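Working notes, structure below.
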2 protein chains.
Amino acid sequence: MEWILDKGRAICPQICEQVCKRIVTGEFKPGEKLLSVRVVAVKAGVNPNTVQKSFDILEQKGILFSQRGLGWFVSENIALAKSELATITRTITQDYFSKMKTLGMSPDEVKQYVLQWNES
Amino acid sequence: MEWILDKGRAICPQICEQVCKRIVTGEFKPGEKLLSVRVVAVKAGVNPNTVQKSFDILEQKGILFSQRGLGWFVSENIALAKSELATITRTITQDYFSKMKTLGMSPDEVKQYVLQWNES
DNA sequence: CAAGCTGTACTACTTCACTAATACAATAAT
DNA sequence: ATTATTGTATTAGTGAAGTAGTACAGCTTG
């Protein structure tokens with residue numbers, strides 16, 4: 001369970017994204033217990049409160065749930081994570097097109113530009 | 001000269017981008033005098049200091065230059081703005097691919113996803 | 001029961017980007 | 001020369017995001 005976070009972006013949403021992704025890819029299974037807030041915080045090199053906040057958000061969306069004294073668990077309803085991930089993907093792409101538009105690129109030009117992209 | 005800025009992103013780089021774009025598209029011509037820092041600030045609904053900072057950055061890159069008591073002017077060397085805009089475009093795209101990768105999408109999958117995108 | 005895990009809550013501190021206000025310097029127009 | 005407009009500089013304040021530290025509550029295991 002590696003946590004590669006991009007400093008410079010807000011950490012909270014990144015953790016949310018990562019959890020959703022791992023659920024969708026099957027790395028986290030329904031009902032599975034996650035590592036504790038503190039442990040994740042250390043592994044990710046982040047403050048426990050930030051992890052807590054992220055998990056709270058995911059709980060509100062029904063993707064995770066917590067049991068006091070026990071830990072955090074993956075919800076049985078994977079569809080929620082799947083849908084959330086799709087929304088995130090969409091939002092990020094929307095933002096990308098929006099930014100490129102302010103630089104004077106039409107959607108079609110953006111598509112062409114992306115197509116010829118090669119590099120990681 | 002409209003200034004549509006996306007709150008939520010840092011304003012400084014957005015102003016820099018916009019100026020570069022306008023130079024490249026020919027809206028701002030070499031040697032042309034820009035509106036004053038204060039006027040731009042009002043038009044963009046932003047603080048004059050932020051505009052000043054942005055222009056300073058562009059001056060450092062040789063894209064703009066200032067004359068005390070006179071105003072800000074577009075440099076004769078448009079290639080600099082062109083190159084800067086290309087760099088920005090590239091960086092934004094790089095970031096986009098990077099974000100999508102953390103969501104589990106390979107570059108090829110990203111390309112497919114972008115291709116079928118329709119919406120502004 | 002006691003110890004050691006958990007989640008939860010709260011307050012204070014730091015940093016960054018931007019805002020706000022003011023003052024000063026240089027140029028042009030009158 | 002005076003006035004207005006410009007760039008420039010400085011200081012202080014604000015809000016968001018994250019850090020840091022501490023404390024409390026509930027569950028499990030020995």
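Letters A, B, ... are given to chains in the order of the sequence lines, protein chains preceding strands, and every chain is numbered from 1. Just so it is clear, the model here is predicted, and its values are computed rather than measured.
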- Out of D:dA9, C:dC10, C:dG7, whichever nucleotide has its closest atom nearest the side chain of A:Asn49: C:dC10

- Using a cut-off of less than 4.0 Å, is there contact between a side-chain N or O of A:Thr50 and OP1 or OP2 of D:dA17? no

- Indicate whether the side chain of A:Thr102 and that of B:Gln14 have a donor and an acceptor atom separated by less than 3.5 Å. no

- For the pair B:Trp72 and B:Phe55, name the ring-plane relationship: parallel under 30°, tilted 30 to 60°, perpendicular over 60°. perpendicular

- Note on the structure: Ordered by number, residues from residues 52-77 of chain A within less than 4.0 Å of DNA chain D (heavy atoms) are A:Arg68, A:Gly69, A:Leu70

- Task: For A:Gln18 and A:Arg22, run side-chain hydrogen bond (donor to acceptor under 3.5 Å, both in side chains): C-alpha distance rounded to whole Å, both residues' side-chain angles, the deciding distance at 0.1 Å, then the answer.
- Result: CA-CA 6 Å; A:Gln18 288 291 308; A:Arg22 284 162 153 82; 2.5 Å; yes

- Note on the structure: Sorted by position of nearest nucleotide on DNA chain C, 5' first, the leading residue of B:Cys12 and A:Arg38 is A:Arg38

- Taking B:Lys82 for its side chain and B:Val24 for its backbone only, find out whether a donor-acceptor pair lies under 3.5 Å. no

- Flag, side chain of A:Thr25 to backbone of A:Lys21, donor-acceptor distance under 3.5 Å: yes

- Checking C:dG7, D:dT6, D:dA20 against the side chain of A:Asn47 (C-beta onward), the nearest is D:dA20

- Task: Output yes when A:Arg9 and A:Glu17 qualify as a salt bridge under the 4.0 Å nitrogen-oxygen rule, no when they do not.
- Result: yes

